2 protein chains.
Amino acid sequence: MMGSSEKIEQARQDYIESLAETMEMYGLSPSMGRLFGIMFFHDEPMTLDEMRGLTGMSKTSMSTGVRALSRLKLVHKKWQKGVRKDLYEAEHDQFRSFVDFFSQLWEKEIELNQKTLKKAEKNLTNLLNDPELTPDEKEQVESDLSKLEQAQLYYTWLEKLAHSFESGEIFKHVPIPNQKE
Amino acid sequence: MMGSSEKIEQARQDYIESLAETMEMYGLSPSMGRLFGIMFFHDEPMTLDEMRGLTGMSKTSMSTGVRALSRLKLVHKKWQKGVRKDLYEAEHDQFRSFVDFFSQLWEKEIELNQKTLKKAEKNLTNLLNDPELTPDEKEQVESDLSKLEQAQLYYTWLEKLAHSFESGEIFKHVPIPNQKE
DNA sequence: CTGTTCGTACAGAAAAAACTGTACAAAATT
DNA sequence: AATTTTGTACAGTTTTTTCTGTACGAACAG
């Protein structure tokens, strides 16, 4: 038979594990997910050493893990007077975490691919003027160009979507439901 | 100096590599990304052996890779009369790929976490009636419950968002721009 | 029925990622 | 100024993932 404290702990652990699995789907490592889960339930901002204590992992891992989570804005550094150690807490607003996470991801995709896309488009367009181009090759180039043009359209749209997430406009179109569902 | 064909090939390769990097961000392996890129440019549906030829990888890898891409609906099996081998082609509609990919991901997150969430909620709620609960523990339970309630709100919202993607409703709110931007 | 061809399961090898302990620089404390 | 505390860089180890080759069953062809 479990005592009350153990039951509380068990419920937490179960949900944390579930959260971690989810975050794994999104490309984070399981331990980073678990770390986030722990911070999600921890009411006070945490130090690296506390994290080490609760995860049982090395301080180095905590340091890198929490920095990765910070970059994704899932976790924030929080300053407290009189405390020398760095303090971190999980972002309380899950909606914010969500929209930030995906808009960041998509912005990165856009930046990365659009650069390459433009360059490829330019090279191919130049090639169209090359007199040595065989008819077959020309057709090939045109086919590729039309694919890239289509892709460009997609990136333009994605940019708009990312903005809509970042700005919170998305919540106008898909509103947050009332407390009582 | 490069011939025309090499230049075409180079432009493709560059973009493919870029695509692959993006897909890596989304948790796919680089080679799966590259495979998708190749199929993106390949006009005809491809057989496993053609893929093997173009990627230089084993047929086993092609088989598993293409099946993973199929599950994500980034690639489709296509039947052609008289052809015995399985044929696959990349989904032409990038918008569809995108919304399918993310709504699938989110639905999975919801299913996975909501189950655990409900169970944890139930256990904690039961615990509230336990006479052995110390005041501290009670506070703890209530704090956890309120976090879970908040999370539930998030899943309810996410479900709506996923539907909006799946159904294409999202395109009403964030319209696809015109061909000529 | 016999011999091919095709896709995939599976075990092991190769490659990549995650994790740890040590070492050290920066900042704070004495 | 000397000492302690704190976070991170880095090298090496462990764990996980990815990839390959062999083997085999199913579908087809002769």
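Quick caveat, the model's predicted, so the values are computed rather than measured. Just so it is clear: chains get the letters A, B, ... in the order the sequence lines come, proteins before strands, and each one is counted from 1.
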* Backbone N or O of A:D14 within a donor-acceptor pair of the A:S18 side chain at under 3.5 Å? -> no
Residues in residues 52-62 of chain A with a heavy atom under 4.0 Å of DNA chain D, by number, are A:K59, A:T60
When rounded to whole Å, the CD to P distance for the pair A:E50 and D:dT5 reads 17 Å
TODO: Say whether B:E91 and B:H76, considering side chains only, have a donor N or O and an acceptor N or O under 3.5 Å apart.
DONE: yes
Side-chain donor-acceptor contact under 3.5 Å, A:S58 with A:S61: yes
**Item:** Residues, nucleotides or ligands: over 12 heavy atoms within 6.0 Å of B:E132 CD
**Value:** no
- Between B:E9 and B:Q13, do the side chains contain an N or O donor and an N or O acceptor separated by less than 3.5 Å? yes
For B:E24, the side chain to side chain contact (heavy atoms under 4.5 Å, CB included) test, sequence neighbours excluded, returns B:P30
The complete set of salt bridge (Lys or Arg N to Asp or Glu O under 4.0 Å) pairs with one or both residues in residues 44-53 of chain B, sequence neighbours excluded, reads B:D49-B:R52, B:D49-B:K59, B:D49-B:K85
- Message: Taking the basic N atoms (NZ, or NE/NH1/NH2) and the acidic carboxylate oxygens, is any pair closer than 4.0 Å for A:D93 and A:K73?
- Response: no
With sequence neighbours left out, the residues meeting salt bridge (charged side-chain N to carboxylate O under 4.0 Å, His left out) with A:K78 are A:E89
Between CE of B:M51 and P of D:dC19 the distance, given in whole Å, is 15 Å
If you restrict it to nitrogen or oxygen atoms, what contacts under 3.5 Å exist between nucleotides 24-30 of chain D and the protein, and what is each distance?
none

Report task. Please check if the distance between the ring centroids of A:F98 and B:W106 is under 6.0 Å. Result -> yes
Footprint ends on DNA chain C, 5' to 3', for atoms under 4.0 angstrom from a heavy atom of chain B, come out as C:dT5 to C:dC10
